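The model shown is predicted, which means the values in this text are computed figures rather than measured ones.
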Amino acid sequence: MKVVILAGGKGTRLMPYTTVFPKPLMPIGDQPILELVIKQLKSHHFTDIILGVGHLKELIMAFFNDGSKLGVQIRYSVEDKPLGTAGPLAALRSDIRDTFLVMNGDVLTTLDFTKIVEYHKKNGAIATIALTRRKVKIDYGVPELDEEKNIIGFSEKPELSYFVSMGIYIFEPGILDYIADDQYLDFPDLLKKLMESRQVIKGYISDDYWLDIGRVEDYARANEELDMIYSKLFRK
């Protein structure tokens, strides 16, 4: 089963680090983020990998080469201009013939990739999105109003709970019919197209460890929690 790892972004939220250094090569301890991601995929027997690259692609390609040093096969899909998160998938039309996994190249997770694929196929979905729950504490009193602006409820510093995407997707090849060649498209817009066409999209709720290294504080946290991350990612 093919895995597409999106590693072509500029990593603007991690600037100035990513000005001359691609985010996928930012080190967590003594290993780049993307190396940890690939090792985690390999531990679940996913070894056919396509790296979508763009920003500072030469550095990424020089580091990983064909993937043989990590025991996987790596090919590259080069993005010559920004195409969003979903747009680059159009270039893979001739390579994708079956169910495939897509994920961001800056996600560390203990998600069981085998189980999410099984869930996806069991439900006959064209797309399945890995979800995790997040909670946010509101530091203010929050009123509830009716249509006439009467206060009908009041919560003091409530905690809100919601689901967020883990940046991991299982797709059927049919989603490529909704992505035009060489046009910018993000995943939310792709999902809207699928919903408008009444396609089945499932959410896979996970309580597994998950860290999206998109911001400076997330990167700092990853390095602070280094030993715990390694033990979680590669526990037997």
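Here I5 contributes atom CD1 and L101 contributes atom CG; the two are 8.5 Å apart, rounded to the nearest 0.5 Å. Note that CD of E147 is 9.5 Å distant from CD1 of I152, once rounded to the nearest 0.5 Å. To the nearest 0.5 Å, atom CG of residue L176 and atom CG of residue L92 are 7.5 Å apart. Note: L131 CG to S206 OG = 9.0 Å, rounded to the nearest 0.5 Å. The line from CD1 of I60 to CG of N65 is 13.5 Å long, rounded to the nearest 0.5 Å. One finds the NZ atom of K42 at 8.5 Å from the CG atom of L70 (value rounded to the nearest 0.5 Å).
Side-chain contact check for F63 versus L25: some heavy-atom pair is nearer than 4.5 Å. Between D207 and T132 the shortest side-chain heavy-atom distance does not fall below 4.5 Å. Side-chain contact between V102 and F187: present, with at least one pair of heavy atoms (C-beta onward) separated by less than 4.5 Å. Counting heavy atoms from C-beta on, the side chains of I74 and I38 come closer than 4.5 Å. Counting only heavy atoms from C-beta outward, the side chains of E144 and F154 never approach each other to under 4.5 Å. A heavy-atom distance below 4.5 Å is not found between the side chains of K81 and Y184. H120 has its side chain within reach of E172: a pair of non-hydrogen atoms, C-beta onward, lies under 4.5 Å apart. For the pair K137 and K157, the minimum side-chain heavy-atom distance is below 4.5 Å.
Cluster membership for I129 and V200, using ILVMFWY side-chain heavy atoms within less than 4.5 angstrom, is not shared. Hydrophobic cluster membership is shared by V78 and L51, with clusters built from Ile, Leu, Val, Met, Phe, Trp and Tyr side chains linked at under 4.5 angstrom. Each of I138 and I151 belongs to its own hydrophobic cluster when Ile, Leu, Val, Met, Phe, Trp and Tyr are linked at side-chain heavy-atom distances under 4.5 angstrom. M1 is connected to V107 through a chain of hydrophobic side-chain contacts under 4.5 Å among Ile, Leu, Val, Met, Phe, Trp and Tyr, so both are in one cluster. Y209 and V164 fall within the same hydrophobic cluster, where Ile, Leu, Val, Met, Phe, Trp and Tyr residues are linked whenever their side-chain heavy atoms come under 4.5 Å apart, directly or through other members.
Contact record, P88 with S77: O-OG, 4.5 Å, taken as the closest heavy-atom pair. Closest of all the heavy-atom pairs between V37 and L108 is CG2-CD2, 4.3 Å. Here the closest non-hydrogen pair linking Y178 and S197 is CE2-OG, 3.2 Å. T99 and P173 get closest at one heavy-atom pair: N-CD, 4.1 Å. Between Y204 and K115, the shortest heavy-atom distance links the atoms OH-CB, 3.5 Å. Here the closest non-hydrogen pair linking V72 and F46 is CG1-O, 4.3 Å.
For the pair W210 (side chain) and M166 (backbone), a donor-acceptor distance under 3.5 Å is present. Checking side-chain atoms of Y119 against main-chain N and O of T128 turns up no donor-acceptor pair under 3.5 Å. For R93 (side chain) and L89 (main-chain N/O), no donor-acceptor pair under 3.5 Å exists by modelled atom type. The main-chain N or O of L185 is never found under 3.5 Å from a side-chain atom of D189 such that the two would form a donor-acceptor pair. In this structure, the side chain of D186 does not engage the main chain of P188 through any donor-acceptor pair within 3.5 Å. With E79 contributing its side chain and L83 its backbone, the two residues share a donor-acceptor pair below 3.5 Å.
Between the side chains of D208 and T109, no donor-acceptor pair of N or O atoms lies under 3.5 Å. One side chain, K39 or Q31, offers a donor N or O that lies under 3.5 Å from an acceptor on the other. A donor-acceptor contact under 3.5 angstrom links the side chains of S161 and R133, judged on distance only. Between the side chains of E156 and Y140, no donor N or O sits under 3.5 Å from an acceptor N or O.
In this structure, D66 does not pair ionically with R75, as no charged nitrogen and carboxylate oxygen lie closer than 4.0 Å. For the pair K2 and D98, the salt-bridge criterion is not met [side-chain N within less than 4.0 Å of a carboxylate O]. Ion pair K192/E196 not flagged as a salt bridge, since none of the NZ, NE, NH1 or NH2 atoms sits closer than 4.0 Å to an Asp/Glu carboxylate oxygen.
Atom CG of N150 has more than 12 neighbouring heavy atoms from other residues, nucleotides or ligands inside a 6.0 Å radius. Within a 6.0 Å sphere centred on NZ of K69, other residues, nucleotides and ligands contribute more than 12 heavy atoms.
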Could you walk me through whether F113 and I168 pass the side-chain contact (heavy atoms from CB on, under 4.5 Å) check? CA-CA 9 Å; F113 295 107; I168 299 169; 4.1 Å; yes

Run the side-chain contact (heavy atoms from CB on, under 4.5 Å) test on Q73 and T47 for me, step by step, so that the C-alpha distance in whole Å, both residues' side-chain angles and the decisive distance to 0.1 Å come before the verdict. CA-CA 6 Å; Q73 175 187 333; T47 58; 6.0 Å; no

Evaluate F163 against I205 for side-chain contact (heavy atoms from CB on, under 4.5 Å), listing each step before the verdict. CA-CA 8 Å; F163 290 111; I205 300 172; 3.7 Å; yes

Would Q40 and H44 count as a side-chain contact (heavy atoms from CB on, under 4.5 Å) here? Give the steps. CA-CA 7 Å; Q40 178 68 359; H44 287 272; 3.8 Å; yes

